[in-house]
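Structure record follows, encoded as structure tokens.
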Amino acid sequence: WTVRGGRREACRFEVTARAGEIEGHSQLELRYGLTLRSFGPVTPVVAVGEPAVVECVLENTGHLIVANPVCEFTLAAETARQTLPAIPPGRTSLLRTVFLPKEQSPRIKTGVTATADGVAGKLTAESSLTVGAAVALPKATGQLNAGVEKEFAVLENSHLRLAFRRQAFG
């Protein structure tokens, strides 16, 4: 048989075949399936006022089209909502949002709650993000250099540059 159409409702196909006294029976269940494959900040450390991108990947693990998936993202007390029209069976979709942290913190919790039409329950995940001081660093010298200023310290050579910002939290 061939399944045609939108595949938007859970159902079961049953087939019975008879040849004389021999009979066979089979069934195929079409169900919803949604998994939160990954979640977290794109970069684990950002500066105050810089964009903090948080993203999640949803995977349709079922046989039906998952309609209207919604992800509600949180960062501290802020929330953002992202939606998609649908995720086809066997496919993944990336949803992302941008927050602008307003204060320094060694660990700000971020979370996501995902739902979709026809999918029972909610999928949730948590992660964290470090927000450091926003400091304008001087241009790289391209040579061996070590310097300490009030707001930062720099150690660099022609291949590598390490900058250490002074944070409010240590």
For this session: I would like to know whether Glu23 and Thr16 meet side chain to side chain contact (heavy atoms under 4.5 Å, CB included); could you show each step before the answer?
Result: CA-CA 7 Å; Glu23 182 177 304; Thr16 302; 3.9 Å; yes

For this session: Under the side chain to side chain contact (heavy atoms under 4.5 Å, CB included) rule, what do Leu123 and Thr35 come out as? Steps first, then yes or no, please.
Result: CA-CA 7 Å; Leu123 303 172; Thr35 302; 5.5 Å; no

For this session: List the steps and the verdict of side chain to side chain contact (heavy atoms under 4.5 Å, CB included) for Arg91 and Asn60.
Result: CA-CA 6 Å; Arg91 295 289 186 84; Asn60 183 346; 5.5 Å; no

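Atom CD in Glu55 sits 11.0 Å away from atom OG1 in Thr97 (nearest 0.5 Å). Distance check, rounded to the nearest 0.5 Å: CG of Leu144 to CG of Asn157 gives 6.5 Å. Here the straight-line distance linking atom CD of Glu149 with atom CZ of Arg165 works out to 15.0 Å at 0.5 Å rounding. Taken to the nearest 0.5 Å, the CD atom of Glu72 stands 12.0 Å off from the OG1 atom of Thr124. Considering CZ of Arg161 and CG of Leu137, their distance stands at 5.5 Å, rounded to 0.5 Å. Leu160 CG to Leu155 CG: the interatomic distance, rounded to the nearest 0.5 Å, is 7.5 Å.
Hydrophobic clustering places Val42 together with Val98 (ILVMFWY residues linked when any side-chain heavy atoms are closer than 4.5 Å, directly or through intermediates). Using a 4.5 Å cut-off between side-chain heavy atoms of Ile, Leu, Val, Met, Phe, Trp and Tyr, with links allowed through other members, Leu36 and Val70 fall into different hydrophobic clusters. Note on Val135 and Val154: same hydrophobic cluster, where clusters join Ile, Leu, Val, Met, Phe, Trp and Tyr whose side-chain heavy atoms are under 4.5 Å apart, directly or indirectly. If you chain together hydrophobic residues whose side chains sit under 4.5 Å apart, Val131 and Phe152 never meet in one group.
Just one of Thr74, Thr79, Leu75 meets the side-chain contact (heavy atoms from CB on, under 4.5 Å) condition when paired with Phe99; it is Leu75.
The 12-atom threshold is not exceeded at CZ of Arg37, counting heavy atoms of other residues, nucleotides or ligands nearer than 6.0 Å. Around CD of Glu103, the count of heavy atoms belonging to other residues, nucleotides or ligands within 6.0 Å does not exceed 12. Counting non-hydrogen atoms of neighbouring residues, nucleotides and ligands closer than 6.0 angstrom, the CD1 atom of Ile22 reaches no more than 12 such neighbours.
A pairwise comparison of heavy atoms in Leu100 and Glu78 identifies O-OE2, 4.0 Å as the closest pair. Here the closest heavy-atom approach between residue Ser93 and residue Leu84 is recorded as CB-CD1, 3.3 Å. Leu129 approaches Ala52 most closely through the heavy-atom pair CD2-CB, 3.6 Å. Of all non-hydrogen atoms in Phe39 and Cys56, the two that sit nearest each other are CD1-CB, 3.9 Å. When every heavy atom of Pro69 is checked against every heavy atom of Ala116, the shortest pair comes out as CA-CB, 3.8 Å.
Residues Val46 and Pro101 form a side-chain contact, since some pair of their non-hydrogen atoms from C-beta on lies under 4.5 Å apart. Side-chain contact check for Arg81 versus Phe73: every heavy-atom pair is 4.5 Å or farther apart.
No donor-acceptor distance shorter than 3.5 angstrom exists from the side chain of Arg31 to the backbone of Leu64, with no hydrogens or angles considered. Glu156 places a side-chain N or O within 3.5 Å of a backbone atom of Thr141 that can act as its donor or acceptor partner. In this structure a side-chain-to-backbone donor-acceptor pair under 3.5 Å is missing from Thr110 to Ser127.
A salt bridge is absent between Glu151 and Arg166: the closest approach of a Lys/Arg side-chain nitrogen to an acidic carboxylate oxygen does not fall below 4.0 angstrom.
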